[in-house]
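The structure appears right after this line, and notes come after that.
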Amino acid sequence: MTHYDVIIVGAGLSGIGAAYHIQDRCPSKSYTILESREAMGGTWDLFRYPGIRSDSDMHTLGYSFKPWRAAKAIADGPSIRQYVIETADENAITEHIRFKHQVTAAAWSTAEARWTVTAQVAGKTVQYTCNLLYMNSGYYNYEEGFTPEFAGIESFKGTVIHPQFWPEDLDYSNKRVVVIGSGATAMTLVPSMADKAAKVTMLQRSPTYVVSRAAEDKIANTLRKLLPEKIAYAITRFKNVELGRIFYNRTRSKPEKVKAFMLNMVREELGPDYDVDKHFTPSYNPWDQRLCLVPDADLFTAIKSGKADVVTDTIDCFTESGIKLTSGETLEADIIVTATGLNLKLLGGATFSVDGEAVNFSETVSYKGMMYSDIPNLVQTFGYINASWTLRADINAEFVCRMLNKMDELDVRQCTPRLSEQDKNMETKPWIDDFSAGYMQRMMHLFPKQGVSGPWQNTQNYAKDKKMIRKAPLEDGSLIFDNAATQAVQQQQDAA
Ligand SMILES: Cc1cc2nc3c(=O)[nH]c(=O)nc-3n(C[C@H](O)[C@H](O)[C@H](O)COP(=O)(O)OP(=O)(O)OC[C@H]3O[C@@H](n4cnc5c(N)ncnc54)[C@H](O)[C@@H]3O)c2cc1C
């Protein structure tokens with residue numbers, strides 16, 4: 001069995017970033033990346049639907065160490081995939097990736113201070129060992145998306161597609177398309193398909209907040225012309241983080257004002273005759289669920305052109321020729337796209353054990369949103385839902401490197417978050433709190449809990465995390481460094 005200091009699972013945006021940080025800050029550590037697919041890029045390789053793009057700016061969704069060079073800050077999927085590949089190639093990370101390795105299990109042995117990681121490769125089982133297991137496997141199921149049960153779906157004579165599995169050869173020219181959903185995917189698909197399709201209807205059960213923003217960041221593009229690239233990127237990144245933070249905080253402190261501001265923007269776009277109350281006014285406050293960003297108002301332009309429209313209603317059933325709504329209306333369609341969401345998946349669906357005991361993550365408490373109580377040497381990347389994912393992935397990776405270097409400095413092999421007797425009585429709450437989106441709520445019971453104080457929180461707040469993760473001492477009384485190699489040898493000798 002080949003042994004590595006670190007095994008990274010997943011070669012998406014986070015996994016490639018993790019590898020970069022390890023090479024940079026822990027150059028003596030050996031590592032491999034186990035990736036279940038044939039290509040890197042994760043989300044940005046999997047999703048191929050028309051118009052696939054980010055909905056946060058690439059100056060914060062990009063890595064801290066690699067400037068985003070393209071003019072468009074809201075970037076398309078292929079450009080993001082290329083950015084990930086370029087990062088891996090130019091830093092000699094690609095040769096560390098083992099593709100088509102689906103990790104199915106990981107077993108920790110305290111005596112050996114190592115994980116044994118089991119993967120499936122073309123029907124065969126292979127195993128590797130590592131001291132630290134670093135899960136960058138994303139947060140959703142790659143094999144299936146979420147589709148609610150629709151009565152009569154089998155009777156529909158047209159084509160039904162889930163955006164996660166877009167058929168490369170789908171011709172939707174002059175077709176009537178209904179997109180079910182009101183999330184980022186639906187908002188992207190509708191204007192992108194409107195050009196060629198006869199008509200695209202976005203059918204939503206309830207509205208989402210939609211904000212238009214320029215696809216190009218003029219300040220970023222000007223700074224890039226005037227300043228050295230890295231400095232320009234750092235300034236834009238700082239600007240965007242701060243603007244995002246100020247806006248998010250305002251949605252929490254003055255939700256009514258932010259709501260009025262956003263709805264006015266939509267009214268200005270769509271004109272006085274459009275029913276903004278019905279189609280664009282959610283029942284919840286801004287950022288109680290994810291906001292949808294539309295670049296250069298493309299969704300509104302498509303609606304104004306008459307090639308796209310929004311229907312707010314519920315589905316009674318599918319029919320042979322479309323969808324019957326509970327209001328009694330019908331929507332005729334040739335193609336129905338179920339942009340109904342993702343299925344969350346914890347830690348790439350692998351099973352975990354510690355010294356022979358199966359781990360039930362819902363019984364654990366999250367440590368800083370990246371480790372779990374009583375599980376040694378296991379780190380996970382789970383980014384922000386209210387800011388760019390990579391902001392969090394980057395600081396996680398810095399923390400992992402500090403932890404690896406600390407273990408060397410102390411000459412120990414293990415670091416484990418441990419709840420003190422007092423912590424064990426601490427009040428707990430769900431892993432993601434204060435966010436009511438269905439895809440989160442459906443699976444939250446499987447995730448670890450978080451505490452209400454100290455390092456046991458999963459703050460979902462970049463400013464707080466920077467203090468808690470980047471600056472706080474590693475030996476904080478909760479993260480326990482132990483299991484020295486010399487101790488283990490002594491124990492073995494004593495036992496003998
Ligand atoms: C359509 C879409 C748009 C998005 N837009 C944004 C955005 O604009 N801004 C933002 O911040 N976030 C966005 N997100 C969230 C997005 O997923 C993250 O930004 C980011 O790409 C996640 O990167 P990741 O590497 O952590 O995970 P992923 O991209 O999901 O990559 C995980 C990798 O791990 C591999 N893997 C999983 N399980 C296993 C296993 N058991 N064994 C081996 N390999 C495994 C997968 O094959 C994959 O390659 C979006 C998500 C989607 C679906």
Side-chain angles (χ1 to χ4, degrees), residues 7-19 32-49 51-63 73-77 80-81 83-84 87-88 97-106 117-121 126 128 133-143 145-146 162-164 166 181 183-189 213 240 244 290-295 339 341-352 370 380-394 396-397 439 460 462:
I7 289 181
I8 296 170
V9 178
L13 198 49
S14 310
I16 300 300
T32 189
I33 304 178
L34 303 181
E35 165 56 55
S36 58
R37 307 181 70 241
E38 287 178 32
M40 68 177 108
T43 299
W44 306 105
D45 185 65
L46 175 74
F47 280 85
R48 301 290 177 118
Y49 57 77
I52 169 74
R53 58 163 170 80
S54 67
D55 61 355
S56 42
D57 68 280
M58 287 309 297
H59 300 98
T60 55
L61 188 57
Y63 302 116
I74 305 299
D76 59 72
I80 305 176
R81 182 170 67 241
Y83 173 80
V84 176
T87 308
I97 307 174
R98 290 168 190 270
F99 290 105
K100 296 195 206 169
H101 279 59
Q102 170 83 32
V103 172
T104 52
V117 177
T118 305
Q120 295 301 312
V121 188
V126 293
Y128 303 94
L133 182 55
Y134 192 179
M135 300 299 293
N136 286 274
S137 45
Y139 64 106
Y140 61 86
N141 189 333
Y142 270 64
E143 281 77 47
F146 176 69
H162 192 284
Q164 200 165 322
W166 198 266
T185 302
M187 304 284 175
T188 304
L189 276 167
R213 176 168 163 182
N240 291 358
R290 217 178 152 100
L291 294 184
C292 276
L293 188 141
V294 295
L342 305 163
N343 264 327
L344 253 59
K345 200 177 204 182
L346 182 67
L347 294 167
T351 55
F352 289 76
M370 63 169 126
Q380 174 210 10
T381 300
F382 193 106
Y384 295 119
I385 44 179
N386 52 15
S388 282
W389 184 273
T390 318
L391 293 173
R392 178 70 213 238
D394 268 337
N396 264 27
Y439 69 97
Q460 283 288 314
Y462 184 52

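Note that the numbering runs from 1 along the sequence shown for the chain. As the structure lists them, so they are numbered: ligands from 1, and atoms in each ligand from 1.
- With Gln102 contributing its side chain and Arg37 its backbone, the two residues share no donor-acceptor pair below 3.5 Å.
- Shortest non-hydrogen contact noted between Thr390 and Leu61 is OG1-O, 2.6 Å.
- Electrostatic pairing of Asp45 and Arg81 counts as a salt bridge here, judged by a charged N lying under 4.0 Å from a carboxylate O.
- Within the 4.0 Å heavy-atom criterion, both parts of Val103, backbone and side chain, lie near ligand 1.
- Judged by distance alone, the side chains of Thr381 and Asn136 do bring a donor and an acceptor atom under 3.5 Å apart.
- Within the model, atoms OG1 of Thr185 and CD1 of Ile52 stand 6.5 Å from one another, a figure rounded to the nearest 0.5 Å.
- Residue contacts with ligand 1 include Leu34, since one or more of its heavy atoms lies under 4.0 Å from the ligand.
- The N/O atoms of Thr381, backbone and side chain alike, include none that comes under 3.5 Å of an N/O atom in ligand 1.
- Of the heavy atoms in Asn136, only backbone atoms (N, CA, C, O) come closer than 4.0 Å to ligand 1.
- The distance criterion of under 3.5 Å between nitrogen or oxygen atoms is not met by Tyr384 with respect to ligand 1.
- Against a heavy-atom cut-off of under 4.0 Å, Tyr49 is close to the following atoms of ligand 1: 1 (C).
- Between Tyr63 and Tyr83, the ring centre distance stays below 6.0 Å.
- Heavy atoms of Phe99 come nearer than 4.0 angstrom to ligand 1 in no pair at all.
- Counting protein heavy atoms only, atom 46 (C) of ligand 1 is closest to Glu35 OE2, 3.5 Å.
- The nearest protein atom to atom 8 (O) of ligand 1, hydrogens excluded, is given as Asp55 N, 2.5 Å; this is a heavy-atom distance.
- Scanning the protein heavy atoms around atom 4 (C) of ligand 1, the nearest turns out to be Trp44 CH2, 3.5 Å.
- Between Ile80 and Ser54 the shortest heavy-atom distance is CD1-CB, 3.8 Å.
- Atoms of ligand 1 lying under 4.0 Å from any heavy atom of Gln102, numbered from 1 in the order shown and given with element: 40 (C), 41 (N), 42 (N).
- Contact between Asn343 and Gly145 at its shortest, heavy atoms only, is ND2-O, 3.4 Å.
- Between Ser56 and ligand 1, an N or O atom pair is found at a separation short of 3.5 Å.
- Side-chain atoms of Gln164 never come within 3.5 Å of backbone atoms of Gly341 as a donor-acceptor pair (strictly under, hydrogens ignored).
- Here's the thing with Arg53: none of its N/O atoms is less than 3.5 angstrom from an N/O atom of ligand 1.
- Judged purely by atom type and a 3.5 angstrom limit, Gln380 has no side-chain atom pairing as donor or acceptor with the backbone of Met135.
- His101 places a side-chain N or O within donor-acceptor distance of the main-chain N or O of Phe99, the cut-off being under 3.5 Å.
- Protein heavy atom in closest approach to atom 19 (O) of ligand 1: Trp389 CB, 3.3 Å.
- Looking only at heavy atoms of the protein, atom 14 (N) of ligand 1 is closest to Tyr139 OH, 4.3 Å.
- Among all non-hydrogen protein atoms, the one lying nearest atom 34 (O) of ligand 1 is Gly10 CA, 3.2 Å.
- At least one N/O-N/O distance between Leu13 and ligand 1 falls below 3.5 Å.
- At a heavy-atom distance under 4.0 Å, only backbone atoms of His101 (N, CA, C or O) approach ligand 1.
- Residue Phe382 places every heavy atom at 4.0 Å or more from ligand 1.
- Between Trp389 and Phe382, the ring center distance clears the sub-6.0 Å criterion.
- For atom 44 (N) of ligand 1, the closest heavy atom belonging to the protein is Ser36 N, 3.1 Å.
- Of the listed options Ala184, Ser14, Ala387, Ser14 places a heavy atom closest to atom 26 (O) of ligand 1.
- In this structure, the separation between OH on Tyr140 and CG on Leu344 is 11.0 Å, given to the nearest 0.5 Å.
- Using a cut-off of 4.0 Å between Lys/Arg side-chain N and Asp/Glu carboxylate O, Lys345 and Glu143 are scored as salt-bridged.
- Using a non-hydrogen distance threshold of 4.0 Å, Ser388 registers as a contact of ligand 1.
- Not one N or O on the side chain of Tyr462 forms a donor-acceptor pair closer than 3.5 Å with the backbone of Ser388.
- For atom 52 (C) of ligand 1, the closest non-hydrogen atom on the protein side is Thr43 CG2, 3.5 Å.
- Contacts with ligand 1 closer than 4.0 Å are made by side-chain heavy atoms of Phe47 only, the backbone lying farther away.
- Atoms of ligand 1 lying under 4.0 Å from any heavy atom of Val9, numbered from 1 in the order shown and given with element: 40 (C), 42 (N), 43 (C), 44 (N).
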